[in-house]
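Every chain is numbered from 1 and lettered A, B, ... according to where its sequence line falls, protein lines coming before strand lines. Side chains included, hydrogens not; waters and symmetry mates left out as well; all remaining heavy atoms used.
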Amino acid sequence: MAAKFIDELKRTNNCGELTAKDIGKTVVLFGWVHNRRDHGGAVFIDLRDRAGLTQVVFEPRFDQKTHELAGELRLEYSVGIRGVVESRGANVNPKLKTGEIEIHATDLEIFNRSEPTPFLVEDKIDTDEQKRLAYRFIDLRRPAMQQALITRSRINQYTREYFAGHGFLELETPFLVKYTPGGARNFLVPSRLSPGKFYALAESPQLFKQLFMVAGFDRYFQIVRCFRDEDLRLDRQPEFTQIDVEMSFVNQDDIFSAIEGLIAKLWKELLGIELTLPLPRMEFDESMRRFGNDKPDLRFGLEHVDLTEVVRKHDGGGVPMLKDALQPGQIVKALRVPKEHPLSRKDLDDLEVEAKGNGAKGLARAKLGDTGEWTQSPMAKTITPELRLAINQACGAQPGDLILFQFGREALVHSVLANLRLSLGKRFGMIPPYGSGGQWRFLWVVNPPLFEYDEEAKTWVAAHHAFTRPHDDSVQYLETDPGKVKCYRYDLVLNGFEIGGGSIRLHKPDVQAKVFKALGIDEEQAKAKFGFLLDALKYGAPPHGGIALGMDRLAMLITGAASLRDVLAFPKTQKGTDLMTGAPGDVDGKQLAELNVKSTV
RNA sequence: GGGGUGGUAGUUAAGCUGGUUAUAACGUCGGCCUGUCACGCCGAAGGGCGCGGGUUCGAGUCCCGUCCACCCCGCCA
């Protein structure tokens, strides 16, 4: 019992590795008391470290004093034990990896006692996230959180391995950069040395990695933190990690195969799953048509049906609201709900409320009777039998099915119906649960338009950023019909989440100038915003392109976590605060004065 | 900026249409127990229901405001 842990007795094993082959060994384990079962004459504890659990037994016959001390053990005490690995005989616990053995402890040191924790360190109880975030240091002890962070670490490790093996250089870029308007909001950092001026925290290394290509570094990657001062979501945090890649002398296919190699490695190493390569691709237009967005969840059907042309052929079929939707820029779409998934009146009302929350005016519906007639529909009385039949056919609707309609401005119809599809997919249990046969539905969404029309500003704006290369056969439309210009832009989608996006960049100044012109950006503006990059392109910039993968989202999907917060050690709340540290916080007047900053609140 | 959900012992929850001392489980404390692994048994302490107003004879329960968390739209790669 005079054993001196740590200084003399070093850890011999972790708590997740001892099995029957170790029986007879004397071992030293360190960890936390995960559970205790005190039978008086025999005390059992589950000792936990990040590797797992091992049962430790204290009995007077192993050591009298150690057994007495063990009676004082409580949850989350930090302890060291020494003992002999013994078989559990008939008492094997098949739920534990170490369940064949137990340690008969001869020595115990309580390094530190623990107050009762604010919540129990176990995975089963769904503790309020507010509490978890306030006591993150306790929350992170939970096996699920430990696994999530271990997975992150392994993603980083495999990513570095992969890129190093493929001739990439890991190069760093600045976080403190120049503010440029447009795009995501930036976090600003006041400059003490330049009174009244501000740095911005980089929202991505985009421009810098292109400069690496210009400089001839050829293949770059970085696992890099990025910052965006936008509202948070389940899958969006103000600071997040990106696996950032840029390559020279490549086309889109080269980028895809480089990234597919990484994805395949991660899935193999982390999940033991062999992905079939290449990953499937889909045209942006097709994705919009079938799913209403550019990040379709392919794990279930319920695809959209575009009825615009059908309705146009029948000139609205006697339904005024359908006829209204034939104006330019407007569309009519539907979603067929098969009769196997009946929806009650209340379900439909709920869905309508949800749709309205997404900006819809309403949610028109039609239920098919035995002969294809419509009931429960606001259009049933006025619609011509011909259009009704045509719609039924276009939707492939059978008696008992339900058709849900959206019509109006294209972007709105798409987003409302895309959300409706997801909502129904969840409601009908069509989304396979995590780990159930591994339905990993990857998709490259390719060839989107370079520009979007901004309804409010009445101008064309870059759908992503202004440095995406248009298709060569699209360049002719830059001046005449910008909406027709397709570009080398691509998103990697997994199960409805965008896990990456990138493009082949413009490397020729003359085409770049045309793009700026189409965007209504004059030379002066362009110079002010991107001067250094435009300059760089003039000096023999190589053809190049790249991509950034959302590392946090990858970790979330790989681990099956419900939110990005569950794969981040210290995440922010939806209001961007840190409940543990209290950030963001007040700053004293002296500090502000030094920075020449004054708060107006 | 907008819509929705939630906040009740340390924790997770129950508390229906407002009605006497606000329930339970886990945890905590005391006692017993040598084969448990969600150990068991006996006993105890612990909250006044996020906060502030209001309605009422009477408010976790109804109303108004407010704070916090979460989900979504807008926003955002």
Side-chain angles (χ1 to χ4, degrees), chain A residues 34-47 53-62 67 71 74-76 86 88-96 98-99 102 104 114-122 124-135 138 182-186 203-204 206 226-238 240 242 244 294-295 350 353-360 411-412 415-416 419 422-423 426 456 462-465 468 489-493 497-503 547-550 553 562-563 565 572-575 577 579:
Chain A
H34 189 65
N35 199 359
R36 75 182 171 107
R37 296 172 292 279
D38 184 348
H39 289 226
V43 178
F44 300 86
I45 68 160
D46 296 330
L47 190 66
L53 295 175
T54 297
Q55 174 163 281
V56 181
V57 190
F58 301 89
E59 291 183 27
R61 67 190 167 102
F62 307 148
H67 172 255
R74 293 294 181 272
L75 299 183
E76 298 310 313
E86 297 287 356
R88 291 216 206 170
N91 295 313
V92 166
N93 181 349
K95 283 183 273 184
L96 282 186
T98 61
E102 62 192 12
H104 289 188
S114 172
E115 292 182 16
T117 48
F119 47 86
L120 296 182
V121 180
E122 56 185 23
K124 291 174 294 245
I125 291 183
D126 213 8
T127 302
D128 179 40
E129 202 172 352
Q130 226 166 323
K131 296 262 168 21
R132 290 176 50 201
L133 291 174
Y135 296 95
I138 301 294
R185 276 188 204 100
N186 290 114
E203 54 187 85
S204 92
Q206 182 62 38
C226 301
F227 305 88
R228 291 183 190 152
D229 187 10
E230 293 294 344
D231 283 6
L232 285 72
R233 286 285 188 284
L234 169 87
D235 61 347
R236 280 172 15 197
Q237 283 273 316
F240 58 97
Q242 209 164 267
D244 199 47
D294 59 356
K295 46 173 187 173
D350 289 349
V353 168
E354 200 179 306
K356 282 180 174 168
N358 291 339
L412 185 62
S415 75
V416 169
N419 283 322
L422 286 176
S423 170
K426 275 178 208 148
E456 278 178 27
H464 292 286
H465 63 80
T468 302
R489 157 86 209 174
Y490 32 84
D491 284 342
L492 182 56
V493 176
F497 288 91
E498 183 200 316
I499 57 170
S503 62
I547 190 167
L549 299 176
R553 286 182 188 172
S563 120
R565 293 183 300 278
K572 304 285 191 287
T573 69
Q574 214 203 19
K575 287 235 169 85
T577 63
L579 294 178

#### Entry: A:Arg236 (side chain) and B:C75 (base): donor-acceptor pair under 3.5 Å
yes
### Message
Just to be sure I understand the rule, does A:Thr577 reach a base, reach only the sugar-phosphate, or reach nothing, if contact means heavy atoms closer than 4.0 Å?
### Response
sugar-phosphate
### Message
Please classify B:G60 as syn or anti, treating any glycosidic angle within 90° of 0 as syn.
### Response
syn
### Polar side-chain contact A:Glu129-B:G6 base: donor and acceptor under 3.5 Å
no
### Query
How would you label the contact of A:Lys131 with the nucleic acid (heavy atoms, under 4.0 Å): base, sugar-phosphate, or nothing?
sugar-phosphate
### Task
Report yes if the side chains of A:Arg88 and A:Leu96 come closer than 4.5 Å at any heavy-atom pair, otherwise no.
yes
#### Entry: Atom C1', compared across B:A45 and B:G50: separation rounded to whole Å
25 Å
### Message
Students often get this wrong, so: under 4.0 angstrom with heavy atoms, is A:Arg489 touching a base, only sugar-phosphate, or nothing?
### Response
base
### Task
Pick base, sugar-phosphate or nothing for A:Asp229, based on heavy-atom distances below 4.0 Å to the nucleic acid.
nothing
#### Entry: Whether A:Phe44 stacks on the six-membered ring of B:U36 base, 5.5 Å and 30° limits
yes
### Message
Using a 4.0 Å heavy-atom cut-off, does A:Asp231 contact any base of the nucleic acid, only the sugar-phosphate backbone, or nothing at all?
### Response
base
### Message
Taking the C1' atom in each of B:G46 and B:G27, what is the distance between them to the nearest angstrom?
### Response
11 Å
### Task
Consider the side chain of A:Arg74, meaning its heavy atoms from C-beta on, and name the nucleotide among B:C29, B:A38, B:G1 that approaches it most closely.
B:C29
### Task
Determine the minimum heavy-atom distance between A:Gly359 and A:Leu412, stating which atoms define it.
O-CD2, 3.5 Å
### Message
For the C1' atoms, the ones on B:C64 and on B:C73, what distance do you get once it is rounded to whole angstrom?
### Response
26 Å
### Message
If only side-chain N and O atoms count, and only distance matters, is there a donor-acceptor pair under 3.5 Å linking A:Gln242 with A:Ser204?
### Response
no
### Query
Which part of the nucleic acid does A:Gln237 contact within heavy-atom distance under 4.0 Å: base, sugar-phosphate only, or nothing?
nothing
### Task
For A:Glu203, answer base if it contacts any base atom (sugar-phosphate contacts may also be present), sugar-phosphate if it contacts only those atoms, and nothing otherwise; contact means non-hydrogen atoms under 4.0 Å.
sugar-phosphate
### Query
Base, sugar-phosphate, or nothing: which does A:Gln55 touch, judged by heavy atoms less than 4.0 Å apart?
base
#### Entry: Nearest-angstrom distance, P atom, B:A25 to B:G43
12 Å
### Query
Given the C1' atoms of B:U20 and B:G48, what is the spacing between them in whole Å?
15 Å
### Task
Select base, sugar-phosphate, or nothing to describe what A:Gly550 touches, counting heavy atoms under 4.0 Å on all strands.
nothing
### Task
Report yes if the ring of A:His39 lies under 5.5 Å from the six-membered base ring of B:U36 with planes under 30°, and no otherwise.
no
### Query
Using atom P of each nucleotide, how far apart are B:C71 and B:A13 to the nearest Å?
16 Å
